[in-house]
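Before any comments, here is the structure.
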Amino acid sequence: MSESGAMTGRAGAEFTGTRSQLLGILLTGYLLLVPTLGIYRFWVVTWKRRFYWHNTIIGGEPLEYTGTALQLLIGFLFALGFFLPLYILFFYLSTQAPQVIVLGYAGVGVVLWFLAGYAIYRARDFRLSRTLWRGIRFDQRGSAWVYALRRFGWTLAMIVTLGLAYPFMAADLWRYRYAHSWYGDRRFGFSGSWRQLALPYYGTYFLVAALVVAGFVFLGADGATRLEALEMPSPGALGIWALAALVAGLGYYRYRARELSAMFSAVSLGEARLAMRIRGRSLMLMTLSYGFWVVVVLGVLLIAVIAAIMVLDPGDMPDPETAFDIRSALGGGWLAIAGLVGGYLGVLATLSLLGELIFGLGFWRLVVRGATIENLDSLATVRAAPEDRSLAGEGLADALNVGAY
Amino acid sequence: MELSARYQDGLVAEVHEVACRIEGDALVIRDAESLFVRDRWPADQVYPLHGRPIQLRIANGARPLGARLVFSGPADIAAARAMLPALKRKSAAYKARQWKLVGLSTMALASVVAAYVYGVPLLASRIVGVIPVQWEADLGTTVARQIEEALVADAGWEICDPDPDSLANRAITRFSTAALEGAGSPFVPDVQVIRTDVPNAFALPGGRAYYFSALLEQTESPDEFAGVLAHELGHVAHRHAMEQLIATSATGLLIGFILGDMTGLSIAGGIGASLIDSRFSREAEREADRFAADVARRMAFQPVGLANLLERVSGDDDYAEAFALLSTHPLTSERRAALEALEPSPAASPAFTDEEWQAIRTMCDAGTTTKTATDTLAKGETVGFSTQAEEDQEEDPEEDLLDSPVP
């Protein structure tokens, strides 16, 4: 239990939810998706958020999520209005010459990338404005279009500078998000800068680049022609490139942890300041454990399916000619289709379940447990802000698949 | 009875320890120490909120959105519930409302699906009616080029007899023109025999039709050839390829709606779409069969040749049965029965003369030998005659372009 020390005003945050609680919520939700033709997904998201929010305790008080499934459903319908014309455009494109198709899809891809920025910002707005703590609502102002433009412009800069612009982009977007966030009538502040990100980012960047170049040098004069002829390059060059990949992988987690720690620690709210500590190895462990569980769970499922087929239809098994024959495995038409659709949805559900249990919950817990808030008591004078304009769900974000939590 | 709780008024971010009790029809909230009355909540307007089970969080409809009373511990929670009967009532009403909402939206979606399954084939044929002929013809050209590019790469693609004035091509053109006569089709039929080892025949949008050499090798009589050709021309006359394209796109949209994945990246979309579309394409096959039978009667040849060839090539094997629903083709026995039920023409004569048929059969004999069709059949591929847009998935490299317009 975190104590809000009266003298220092320092408070930690804690997370009280367990993995099995989340598993229960998700399993129930996924099962209800079937009879509701998928409509229940808006309720699944709502229940999931309630789990995350209500188990996050800051200074002894939990967060509260006040959004409803109906709001998400309405938002989705709004987004449909946007996607219908796009869909007709896709249809038209598909009937064109291959070059036109490629160009058209590339164009639509650029438009969608721009809109993803808009959707991300709106989704954050939706979630913040439906978050209460001590009975006071958070909010996000600023313009989603401006945010989308910035993000898009930075993307172009990233391409032009071969990724060197990243620390500037990260700091700028973090600043835009937090400088427009509010708790009641008090505005968040953000003091982060690209300088805090420069060392871990450029360090990894140039080390990896140097290793890649070194690999080419090692390859020697005839290396390029050998690569073109698809011959194996020398073991030395391969070794250096493997090292480059390893450095890039480890550097990624180290950088991510640094960025999260530094940027969250730059967030303030009046006199209250957030301090964050997230370790790169915790992030890496999450990925490793996800990979491990995907292999284990899908492996067990596969064995179960094979066993079921053997039990149901053992006659075909001794003959290797028919053992892999789909007709013996699946039998009748409806059974085959049910198996196919069920199998696909099963794999999809398993992956998304594991993703939520490991990445979703894991990351949320890392952030909550890594956070300390100084001068939390200073927030006792925050007053509620007037009602926010009504937001029509997260429509676009839901449809574009960008909402993380 | 007095219960201790934590209270926040929804106006200022402060939490107070309070003691509450019912006085008349009001829930009086007093400061735990000073006993100063912080608020009086109308007791019948309280409602419970979602939260952790170790707490009972309640709000009041007559107070600011963030105003809360929080009871902790099983004993206090039970006492609060007993003290405030409105909680139970509101909670039950809330749950009922949620399930009603779930039920209503599911029903709405189900009716959209039903309207789709029965409506889109109808709608597709109406929409096809307003699609400019030139546009469809251009589309046919594009698709033909796509197929050519895809097939040249792996299976090989060669027009067997490129000379339009050869005996065989003239015979085919004569037959096609006569078959489409009176059908009101805006297109000039363009049938080509292609050298490839896939036993199939299909029609494209805009009047093009292809007959593959591997199928020709298995064709034993002029009537069989004529039957298949008439079937494909039936697809042309009904503009099935275009209809199919429209219907399939609409299906993709529907599946995207159900899965909530409008970006259409999902494979489930593909599976679901083929499930629903198969219904439509089987209807199209029947329609093309009827057209073929009609042509046979008009031109006085035996329509059952179509069924004979179909049976020889694909048969009703277990594999085809297993995927009968996914297959875009109706079961052979079903089609055969329909074709056999037709009156044979009283004065039936072969659709092509002996010389013509001989020329057609040998169209692909010049040049390299093709793999026998039975090699392909041994792998158990489903074979049938169809419009291009409804081709079997495994045989058809450009299916992606047609069936799923969204990447």
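Here is the naming used below: chain letters follow the sequence lines, and residue numbers restart at 1 for every chain. Predicted, not measured: the structure shown is a model, and the values here were computed from it. Side chains are part of it too, since the values below use all heavy atoms of this structure and drop only hydrogens, waters and symmetry mates.
Between B:Leu109 and A:Thr36 the shortest heavy-atom distance is CD2-O, 4.4 Å. Annotation for B:Arg57 and A:Pro62: closest pair NH1-CG, 3.5 Å, computed over non-hydrogen atoms. Across all their heavy atoms, B:Ala13 and A:Leu379 have their closest contact at CB-O, 3.4 Å. Between B:Gly10 and A:Ala384 the shortest heavy-atom distance is O-CB, 3.4 Å.
To the nearest 0.5 Å, the span separating CD on B:Gln8 from CH2 on A:Trp133 amounts to 9.5 Å. Once rounded to the nearest 0.5 Å, the distance linking CZ of B:Arg97 with CG of A:Leu70 reads 10.0 Å. Note that CG of A:Asn55 and CZ of B:Arg52 are 6.0 Å apart. Values are rounded to the nearest 0.5 Å. Here the OG-CH2 distance, from B:Ser105 to A:Trp43, works out to 4.5 Å after rounding to the nearest 0.5 Å. Of the inter-residue distances, the one linking B:Thr106 atom OG1 with A:Tyr40 atom OH reads 10.5 Å to the nearest 0.5 angstrom. From A:Leu132, atom CG reaches atom CG of B:Leu49 across 9.0 Å, with rounding to the nearest 0.5 Å.
In this structure, B:Glu14 does not pair ionically with A:Arg134, as no charged nitrogen and carboxylate oxygen lie closer than 4.0 Å.
For B:Gln98, the parts lying near chain A are the backbone and the side chain together; criterion is any non-hydrogen pair under 4.5 Å. In this structure, chain B has a heavy atom under 4.5 Å from the side chain of A:Glu64, while its backbone stays farther away. Interface remark: A:Leu32 contributes side-chain atoms only to the contact with chain B (heavy atom separation under 4.5 Å). If you measure heavy-atom distances from A:Thr68 to chain B, you find no contacts under 4.5 Å at all. Only the side chain of A:Tyr183 comes within contact range of chain B, judged by heavy atoms closer than 4.5 Å. Heavy atoms closer than 4.5 Å to chain A are found in both the backbone and the side chain of B:Ala110.
Top candidate by heavy-atom pairs under 4.5 Å with chain A, chosen from B:Val15, B:Asp9, B:Val70, B:Thr141, is B:Val15.
Between A:His54 and B:Gln55 there is no side-chain heavy-atom pair separated by less than 4.5 Å.
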Inset, instruction - Decide side-chain hydrogen bond (donor to acceptor under 3.5 Å, both in side chains) for A:Arg50 and B:His50; before the verdict, give the C-alpha distance in whole Å, the side-chain angles of both, and the deciding distance to 0.1 Å. - result: CA-CA 7 Å; A:Arg50 285 179 189 144; B:His50 294 279; 3.2 Å; yes
